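Just so we're clear, the structure is a prediction, and the values are computed from it rather than from any experiment. Here, residue 1 is the first one in the sequence, and each next residue gets the next number.
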Amino acid sequence: MVSTRGKHITYNEDLPIEDIDDSEDQEEAPAPKRRKKMTKEDYCYTSKIKRKKGKGKEVEEVVKPRPTGKGRRLLGKLADLMNMPIEIFAEICSHLYPVDLLHLARSSKRLRAILMTEDSVSIWRTSRKNQVNGLPDCPDDLSEPQYAALVFTTVCQGCTGLRAVRVHYGLRTRHCIRCYPDHIIKEEKISTLNLSMIKLTNVRLVAPSVKAIEPGKTFGSEYTWYSIATLKALDEKWASAGDADAQKSFMDAQIAITNEIAKNAAELNKWQYKEDCKNAVEGQDIRAARMASIKKKLMELGWESKDFPRNRSTEEDREWHHLLDRRQALSEKIWENLKPRLLEILEITKARRLESEATRQRLERRDGRRKALEKFYKSLKDDHREEQFDIFFPEWGTEAMSLDPIKELLEDDERSTVTRDRWDTKKHIVLDELKILTAGIERKLAQWYSSCLANVQPSGTTVAPSITHHFLDGEPMGSLTGSGPLVDMRSPTAVFTCSHCEEPLWFPSCFLHPHFRSSNIKLDTPEEWDYKSGPFRTRFIPSLPFLVLNLLQEMNMDHRSMTTLDVPITMRDALSSEPASEARYLCLLCDPQMRQPLSFAHLVLHIHEEQEEFGRAKRDIEGKGREAFEHLGKSHSIPLYINDHGLSEERMPGLVVSEVTSEEALELRNQQSDFKTECESYQGRDFHSIVSKYWKGGGCAVTCRLCPSSVLRKWVMVHWAVVHLRAKHGVDIPGKIAQKQQDLEKKLARAALKAANHQIFAETDNDYLETASIDGDLLVGYEYGGDEGDSD
């Protein structure tokens, strides 16, 4: 035997092992023989292998082969298990769970031969009673191993997979979702099996069944399910029973078995529910203990609780909760595996938290500066309240905060607030910016209004040629309409409306209109406008300048020598302590019973709406004719429609508008109240028989039948309908009612006289009177029932 003791050997990594020379003068020793590779058959508990002992000596030595794989793990640990007394083996098994006994029986043929016999029933029973609390005894139709496999394992009875979570104790089955339809069947589909005992009453009695929802669903209707294998087995027994007596005996025995299975299944389901609740509570405790242990260890490493992710908004947060929220107790090995990844997640979470806190602090400081600036801005607005028509103060918000001096103070992140001294240094700059903003608004409106006057001529409406607007001399139109003078927006006839509420507006009183103030003021952004949609939520209506001109002439005012602040529509009244003083004009074109005190702006809007309504009705009647009154029927003629608010040059001055005092307004209101009471007194059979020709509906709303379909009016009060019929259609309902009463009195007198002369005594009034009828707008007289030739 060659020894290397006391020798220095040099190895060359580039040379193979057989080329290494480990001797100085000795001859090269022959290479040792390779050991024969052992096969699976060579492995046994005893074998003889020749080994060399000393020089030239060979001895036989009994050795044990080196096991590999699974046998290697069992060898030395369970080698003497089969040699121990059966009593000790049974005592050991009594401390195992039934599922452990099942796994043990499947580990080797010898153990299977011991545990899968009837002699080992006591071992299974002792294990079940000692280790599982409350589990019902093994039913008679199952063996102990079958019972343990059904209750404790998740092995599919169809494919032997390990995901059989669909268990039915009443059917003694456990299947996975894939195998479930092949082994379990609905009651409605039993006929497809072609059973000899196909009568459903027999199947329900002898075959075990369960109530359950469709597989794969968490809620829904429950169906009755059967085991296909059980049904086929029962069918074979039924067919082999023979005569009727044997079949009856089989039925009785099977019914008893089925009832016993159902009883045992109910007990098992109850036990399973308790176990599920118990496992859920234990799982929560294990999860809570695991999370607490991990957090404690992290806090010992210097982390704070605020660094731990709380929600699941990011991928790191979800991974954090996935690693912590598990039903597995924390061990040192698990902690060492989790620690690196948890530290990485905490680093990301902490950086995100610090960034969020910095942003929040920055926003808090900005909010403090914003509140201080809002207070100073409102005080500046109050100090210049008398100049609100000369300086436009936008509402505090995006527009106000976009001013350069305010924006500069707002973006100063080094300070948490704005002091009075700093504001005073910027206050005059803010006023200059607002003046520039006001001039820009006026110019923008002038460009748009000039473009509308020059280009917009909608069909049916024209701008009166007698109106002369004041222009800003020498001001080019810019790119909007080419070139030319701009309209002076302070002229009284330069009227426009709000595109949102249609209220007439003038410059600069439009500054106080809520919709104008809330519009987005962008002076540096070019926009394309038309007469329907202008800047700052405005709209141009070509007929309004003509209407304003006529109203000013009615009030003996010269629009050439006036500005918008001199017109009675100024909003200065709204700034006074008596805002009601603005409503001091009456429209004399309205029926006296419908006149209401209005402001000048609302007076303009009122007359404009009445003219627009008449224009729609006129176009509808001229274009459609009778088709515009389809609701009246084909035989009805076109009703009369009056333009009671038309303005023409032939109308005498002073007949359109007049001023009214508060005393006169109160007296007018009392008169209208009396008229309303009078109209309400008309309610009755006679009233409805007359007005049914003119409107339909009742209760809270009625509709005029004489208006075309495009302008159908609805009212909520009867007296409004009465006034509408008189003003728009020339129908006097009170006059017709009075005439009907007079005719009724005359007819009653004549009927009484005629009855006295002829000594006719009537039993009922129907022998003498018939219901009145209406032809067009005229009332036809009543007819006498006794003499058809006598009529009025």
Side-chain angles (χ1 to χ4, degrees), residues 70 74 78 81-82 84 86-180 183-184 208-210 212 225 227-230 233 257-280 282-283 327:
K70 187 175 180 180
L74 296 178
L78 300 177
L81 183 62
M82 299 294 96
M84 68 175 60
I86 189 63
E87 293 82 3
I88 299 177
F89 179 76
E91 182 65 24
I92 293 175
C93 291
S94 65
H95 294 279
L96 300 178
Y97 280 88
V99 67
D100 296 331
L101 286 178
L102 198 62
H103 294 161
L104 185 62
R106 293 171 179 173
S107 62
S108 67
K109 294 182 179 180
R110 182 70 182 278
L111 292 174
R112 181 180 180 84
I114 295 175
L115 295 175
M116 292 298 181
T117 60
E118 295 182 359
D119 297 336
S120 63
V121 172
S122 59
I123 297 177
W124 291 89
R125 187 179 296 115
T126 304
S127 171
R128 173 167 47 81
K129 292 183 178 180
N130 291 344
Q131 303 301 328
V132 184
N133 296 326
L135 181 65
D137 293 337
C138 179
D140 297 336
D141 59 311
L142 294 176
S143 64
E144 287 288 349
Q146 290 175 339
Y147 191 40
L150 178 66
V151 176
F152 297 106
T153 66
T154 59
V155 179
C156 177
Q157 296 177 359
C159 63
T160 66
L162 300 179
R163 295 185 178 181
V165 295
R166 192 77 174 178
V167 59
H168 292 310
Y169 294 128
L171 302 180
R172 310 305 194 202
T173 59
R174 180 184 287 272
H175 294 94
C176 60
I177 298 297
R178 182 179 299 177
C179 298
Y180 190 87
H183 297 81
I184 309 298
S209 62
V210 294
W225 302 85
S227 172
I228 297 177
T230 302
I257 295 174
T258 301
N259 294 336
E260 189 67 24
I261 290 176
K263 181 179 178 181
N264 176 258
E267 296 176 355
L268 277 175
N269 288 327
K270 185 177 179 180
W271 171 84
Q272 188 67 56
Y273 176 75
K274 292 182 179 179
E275 286 295 312
D276 292 341
C277 296
K278 179 182 177 181
N279 293 335
E282 292 178 355
R327 186 173 175 172

Inset, instruction - State whether the side chain of T117 and the backbone N or O of I114 hold a donor-acceptor pair below 3.5 Å, judged by distance alone. - result: yes
Inset, instruction - Begin from the C-alpha positions of V167 and H175 and carry the test side-chain contact (heavy atoms from CB on, under 4.5 Å) through to its verdict. - result: CA-CA 6 Å; V167 59; H175 294 94; over 6 Å; no
Inset, instruction - I would like to know whether L115 and L104 meet side-chain contact (heavy atoms from CB on, under 4.5 Å); could you show each step before the answer? - result: CA-CA 9 Å; L115 295 175; L104 185 62; 4.2 Å; yes
Inset, instruction - Kindly give the heavy-atom pair with the smallest separation between P136 and Y147, and that separation in Å. - result: O-OH, 2.9 Å
Legend entry - Contact check, side chains of L101 and C93, non-hydrogen atoms, under 4.5 Å: yes
Inset, instruction - Taking the side chain as every heavy atom from C-beta outward, state whether M116 and P145 have any pair of such atoms under 4.5 Å apart. - result: yes
Inset, instruction - Decide yes or no for L150 and Q157: does some side-chain heavy atom of the first lie under 4.5 Å from some side-chain heavy atom of the second? - result: yes
Inset, instruction - For V132 and Y97, work out which heavy atoms get closest and say how close. - result: CG2-CD2, 4.3 Å
Legend entry - Close side-chain approach of R172 to I261, heavy-atom, < 4.5 Å: yes
Inset, instruction - Verify the ring-centre separation between Y169 and W271: is it less than 6.0 angstrom? - result: no
Legend entry - Backbone N/O of L111 and side chain of S108: donor-acceptor pair under 3.5 Å: yes
Inset, instruction - Mind checking the CD-CD1 spacing from E91 to I86? Nearest 0.5 Å is all I need. - result: 12.0 Å
Legend entry - Gap separating the CZ atom of R128 from the OG atom of S94, nearest 0.5 angstrom: 14.0 Å
Inset, instruction - Give, for atom CG of L102 and atom CZ of R112, the distance between the pair rounded to the nearest 0.5 Å. - result: 9.0 Å
Legend entry - CG on L135 to SG on C138, rounded to 0.5 Å: 9.0 Å
Legend entry - Heavy atoms of other groups near R163 CZ, more than 12 under 6.0 Å: no
Legend entry - Spacing of OG belonging to S127 relative to CG belonging to D100, to within rounding of 0.5 Å: 7.5 Å
Legend entry - Heavy-atom closest pair, residues C156 and C176: SG-N, 3.5 Å
Legend entry - Minimum-distance pair of heavy atoms, taken over all atoms of M84 and I92: SD-CD1, 4.0 Å
Legend entry - Side-chain heavy-atom pair I228, H183 within 4.5 angstrom cut-off: no
Inset, instruction - Measure the shortest side-chain to side-chain distance between T230 and L171 over non-hydrogen atoms and say whether it is less than 4.5 angstrom. - result: no
Inset, instruction - Verify whether one side chain among H168 and Y180 offers a donor that lies under 3.5 Å from an acceptor in the other. - result: yes
Legend entry - Atom pair CG/NE2 of L96 and H103 - distance to nearest 0.5 Å: 11.5 Å
Legend entry - Min side-chain heavy-atom separation Y273-L268 under 4.5 Å: no
Inset, instruction - Could you go through the side-chain contact (heavy atoms from CB on, under 4.5 Å) check for R174 and T154 one step at a time? - result: CA-CA 8 Å; R174 180 184 287 272; T154 59; 4.3 Å; yes
Legend entry - E260 backbone acceptor or donor facing N264 side chain under 3.5 Å: no
Inset, instruction - Establish, from distance only, whether the side-chain atoms of D276 and Q272 form a donor-acceptor pair under 3.5 Å. - result: yes
Inset, instruction - Could you pull out the closest heavy-atom pair between S122 and D119, with the gap in Å? - result: OG-O, 4.1 Å
Inset, instruction - Check whether any side-chain heavy atom of T173 sits under 4.5 Å from a side-chain heavy atom of W225, and report yes or no. - result: no
Legend entry - N130 and R125 side chains, donor-acceptor separation under 3.5 Å: no
